[in-house]
Amino acid sequence: MASPASTAFTAPQLPAGRTSLFSPSVSSSYLASISFARSRFRAPLFGQALRLTLHPPMIYAFCDASRINRDLRTKAAAAAWGGEARPTILVSEKLGEAGLALLREFANVDCSYNLSLEELCGKISLCDALIVRSGTKVTREVFEAAKGRLKVVGRAGVGIDNVDLQAATENGCLVVNAPTANTVAAAEHGIALLTAMARNVAQADASMKAGKWQRNKYVGVSLVGKTLAVMGFGKVGSEVARRAKGLGMHVIAHDPYAPADRARAIGVELVSFDEAISTADFISLHMPLTPSTSKIFNDENFLKMKKGARIINVARGGVIDEDALLRALDNGTVSQAALDVFAEEPPPADSKLVQHERVTVTPHLGASTTEAQEGVAIEIAEAVVGALKGELAATAVNAPMVPSEVLSELAPYVILAEKLGRLAVQLVGGGSGIKGVKVVYKSSRSPDDLDTRILRAMVTKGIVEPISSLFVNLVNADYIAKQRGLRISEERVFHDGSPEIPLDSIQVHLANVESKFASAISDSGEIVVEGRVKDGIPHLISVGSFSVDVSLEGNLILCRQIDQPGMIGRVGNILGENNVNVSFMSVCRTAPRKQAIMAIGVDEKPHKEALRRIGEIAAIEEFVFLQI
Ligand SMILES: NC(=O)c1ccc[n+]([C@@H]2O[C@H](COP(=O)([O-])OP(=O)(O)OC[C@H]3O[C@@H](n4cnc5c(N)ncnc54)[C@H](O)[C@@H]3O)[C@@H](O)[C@H]2O)c1
Ligand SMILES: O=C(O)[C@H](O)COP(=O)(O)O
């Protein structure tokens, strides 16, 4: 890399306060930095930087800059964030009023219930967000019908098995849920079913209403001293366990992923699947429906159960093989079942399981309390509105969760990362194709103290978007990189500086590629661009082996030339004649009268003719125009 030694000086029109745009490291004998910063430059730029970090549409840019930029060109979308035309949120199932009120403050809310798939697909391309409960199947078809407009799906509840997460991710659509507000309601319903089943409450009630008085028929079983196996010791499972302990039950649990000390803390022993189902009198299901839990309660596992076991399911119908359960009920392996959830909802009217004398059923009521529905509605409304504003939701299901304080600290680096990716890819030439991308972070922080996922995603976005029709955001960046065969690796380099500053610089390396600007190839044979945030503004600080110093705003011209007097003036004149505003300029040279790299920031795209004339200047060996 050329020595960073340089002489820094500023152009006469530099306004007060602009000197900070040059870092001390740039001030040494071989790098001459010349700023043509304009007096109107700082305020709007700072304003823009603020918008980029704080103003809703631009915060959203972290997730979806291209779409928002595209949208911002349209009156409707410009107003969307200003209040005239607001985003549209489709609510496809009943949601608590408090949540609806929150949504209405921010968006147009269309409450359309019981939509068929066709109707949903018909509406969805007009919606920015969709809020569902468990009754709406958000399939790939829905995401495809959205034609890129749908930005967020909010699941007003826990289970997201009715949302095709892969399709959401591929379409860059964020999925958020409301994971906590219905926990207690579901646990209480589990306990309600447990006790009601043990004492035949539903059957006795139906019998009396039919005019009968059958005291002998409905003798129940006691709970105290009995063993309850909680299958899935998460939020609901642990609340059920806590309550069952209060009923005097011996509680064991099976959950391959739950920490044993959390279970021990409430007097529950974690055991294997087989031990749980073979020793329990009551088995309560609280695991999610996933490919590995689908029909996990099947003929084989019913056979392992204690004869006459009783089963409660407030999780998902699909974790039970319902035909196998029917067989187990009929052969006495299972003496009773209490089911709130079914493989198909609603189950067929003639379902033998629903009609079974020893099965107690409720129509998926676990989360249906006034309190839980109010809580869930507020939880999901806040998550969806936050996501539409571009805040990364804490309950994102298909994107890395980046806490808001981390996000606001990294905001200028997020912009820098995208711009570096964008620059690097434009330097590629010769049809070599990009395979390996390395992002190097120079930081004085420990790796644990710096979350780089969003930065990596933004580098990917910067690289992919200029060369494809895809839009990339935090949700789909990794997926799209993989699809395109891009291997993105990250490296940390310790920088001896203040840990108060998250990053000293970011480098983007593209390996095994040719460049249309040979000077962008570093000594290691890779295209390398490096940037730093100065005063909140992203700057390019090196290209290949050359140091530069140019603010990454507008567009950029890079020229390699023989260092000689008058070059700045000649290029500046051509641009001036073309009415192209120069915002920033820096010259880095290997030695006086040897090679130099001139980096010129321009507001407008110069006309082809102007670029041709620059290329014809005899001392210019190569040059490239880059859109940032
Ligand atoms: N009936 C209702 O209305 C209702 C209401 C709320 C939740 N739910 C359902 O209840 C289930 C649990 O919800 P939650 O909020 O407690 O979720 P959670 O994520 O907090 O807990 C799920 C637990 O299951 C565990 N698990 C995963 N795979 C497992 C396996 N193979 N065997 C055993 N345990 C496994 C996980 O480690 C986790 O601890 C979900 O299916 C949810 O959809 C239903
Ligand atoms: O997963 C959940 O949160 C529950 O099953 C609740 O589903 P619901 O919102 O359809 O009641």
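Numbering of ligands and ligand atoms starts at 1, following listing order. Everything numeric here is computed off the predicted structure, so don't read it as measured data.
- The closest approach between P288 and ligand 1 falls below 4.0 Å for a heavy atom of the residue.
- Among all non-hydrogen protein atoms, the one lying nearest atom 17 (O) of ligand 1 is K235 NZ, 3.8 Å.
- Annotation for K226 and V221: closest pair NZ-CB, 4.4 Å, computed over non-hydrogen atoms.
- Each of the atoms 30 (C), 31 (N) of ligand 1 lies under 4.0 Å from some heavy atom of T293.
- Counting only heavy atoms from C-beta outward, the side chains of H286 and E239 never approach each other to under 4.5 Å.
- Of the protein's non-hydrogen atoms, the one nearest atom 21 (O) of ligand 1 is G234 CA, 3.3 Å.
- Q355 places a side-chain N or O within 3.5 Å of a backbone atom of A349 that can act as its donor or acceptor partner.
- Among protein heavy atoms, the minimum distance from atom 34 (N) of ligand 1 is reached at G232 CA, 3.4 Å.
- Using a 4.0 Å cut-off to heavy atoms of H364, the atoms of ligand 1 that qualify are 1 (N), 2 (C), 3 (O).
- A donor-acceptor pair under 3.5 Å is formed between the side chain of N200 and the backbone N or O of V219.
- Side chain of T183 to backbone of T180: a donor-acceptor contact under 3.5 angstrom is found.
- For atom 11 (O) of ligand 2, the candidate residues are K94, R133, H189; the nearest heavy-atom contact is made by R133.
- Here F233 has backbone heavy atoms under 4.0 Å from ligand 1, and that is the only part of it that gets that close.
- Nearest protein heavy-atom neighbour of atom 7 (C) of ligand 1: V158 CG2, 3.9 Å.
- Taking every non-hydrogen atom of G159 and a distance limit under 4.0 Å, the qualifying atoms of ligand 2 come out as 1 (O), 2 (C), 3 (O).
- Contact record, A481 with T460: CB-CG2, 3.8 Å, taken as the closest heavy-atom pair.
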> Is there a side chain to side chain donor-acceptor pair (under 3.5 Å) between Y218 and Q203 once you walk through the steps?
Replying inline: CA-CA 8 Å; Y218 295 120; Q203 291 83 348; over 6 Å; no
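- Remark: minimum distance from atom 41 (O) of ligand 1 to any protein heavy atom is reached at M287 O, 3.2 Å.
- The nearest heavy-atom contact from the protein to atom 14 (P) of ligand 1 is V236 CG2, 3.7 Å.
- Interface atoms of ligand 1 facing H286, defined by a heavy-atom separation under 4.0 Å, are 11 (C), 12 (C), 22 (C), 23 (C), 24 (O).
- Panel note: side chain R86, backbone A107; a donor-acceptor pair is recorded below 3.5 Å.
- Summarising the contacts of atom 3 (O) of ligand 2 with V158, V236, V341, T136, the nearest heavy atom is found in V158.
- Between the side chain of N398 and the main chain of V475, no donor-acceptor pair closer than 3.5 Å is present.
- Under the 3.5 Å distance criterion, the side-chain polar atoms of D255 are matched with a main-chain donor or acceptor of F233.
- The nearest pair of heavy atoms linking A253 to V268 is CB-CG1, 3.7 Å.
- For the pair A367 and ligand 2, the shortest N or O to N or O distance does not fall below 3.5 Å.
- Contact annotation: for D255 versus ligand 1, heavy atoms closer than 4.0 Å belong to both the backbone and the side chain.
- Using a 4.5 Å heavy-atom cutoff, the side chains of V406 and I454 are not in contact.
- In plain terms, the two heavy atoms of F297 and F302 that are nearest each other are O-CE1, 3.5 Å.
- What sits closest to atom 33 (C) of ligand 1 on the protein, heavy atoms only, is P256 CD, 3.4 Å.
- Listed by number with element, the atoms of ligand 1 under 4.0 Å from a non-hydrogen atom of D340 are 1 (N), 2 (C), 3 (O).
- When E239, R155, R316, R133 are checked for heavy-atom proximity to atom 43 (O) of ligand 1, R316 turns out nearest.
- Remark: ligand 1 and V314 share an N or O pair separated by less than 3.5 Å (distance only, no angle test).
- For ligand 1, the atoms lying closer than 4.0 Å to a non-hydrogen atom of A186 are 5 (C), 6 (C).
- Side chain of R316 to backbone of P288: no donor-acceptor contact under 3.5 angstrom is found.
- Contact annotation for H189 and ligand 1: no heavy atom of the residue comes within less than 4.0 Å of the ligand.
- For Q373 (side chain) and A367 (main-chain N/O), a donor-acceptor pair under 3.5 Å exists by modelled atom type.
- Of the protein's non-hydrogen atoms, the one nearest atom 5 (O) of ligand 2 is H364 NE2, 2.6 Å.
- Those atoms of ligand 1 that come under 4.0 Å of a heavy atom in H254, given as number and element, are 32 (N), 33 (C), 34 (N).
- Heavy-atom separations between N182 and ligand 1 include at least one value shorter than 4.0 Å.
- For ligand 1, the atoms sitting less than 4.0 Å from at least one non-hydrogen atom of G159 are 43 (O), numbered in the order shown with element in parentheses.
- For the pair R155 and ligand 2, a heavy-atom separation below 4.0 Å is found.
- For N313 (side chain) and L339 (main-chain N/O), no donor-acceptor pair under 3.5 Å exists by modelled atom type.
- Using a 4.0 angstrom heavy-atom cutoff, A156 counts as in contact with ligand 2.
- Close approach to A315 involves these atoms of ligand 1, each under 4.0 Å from a residue heavy atom: 9 (C), 10 (O), 44 (C).
- Compare G157, P288, S134 by their heavy atoms: the one nearest to atom 10 (O) of ligand 2 is in S134.
- The shell of residues lying under 4.0 angstrom from ligand 2, judged by heavy atoms, excludes E93.
- Closest approach of I252 and E275 over heavy atoms only: CD1-O, 4.4 Å.
- Looking at N182 against ligand 2, only its side chain comes within 4.0 Å, counting heavy atoms.
- Between the E374 side chain and the E371 main chain, no donor and acceptor come within less than 3.5 Å of each other.
- In terms of polar-atom proximity, G237 is not counted as a contact of ligand 1, lacking any N or O under 3.5 Å from an N or O of the ligand.
- At least one side-chain heavy atom of D281 sits under 4.5 Å from a side-chain heavy atom of K306.
- From the protein, the heavy atom lying nearest to atom 28 (N) of ligand 1 is Y257 CE1, 3.5 Å.
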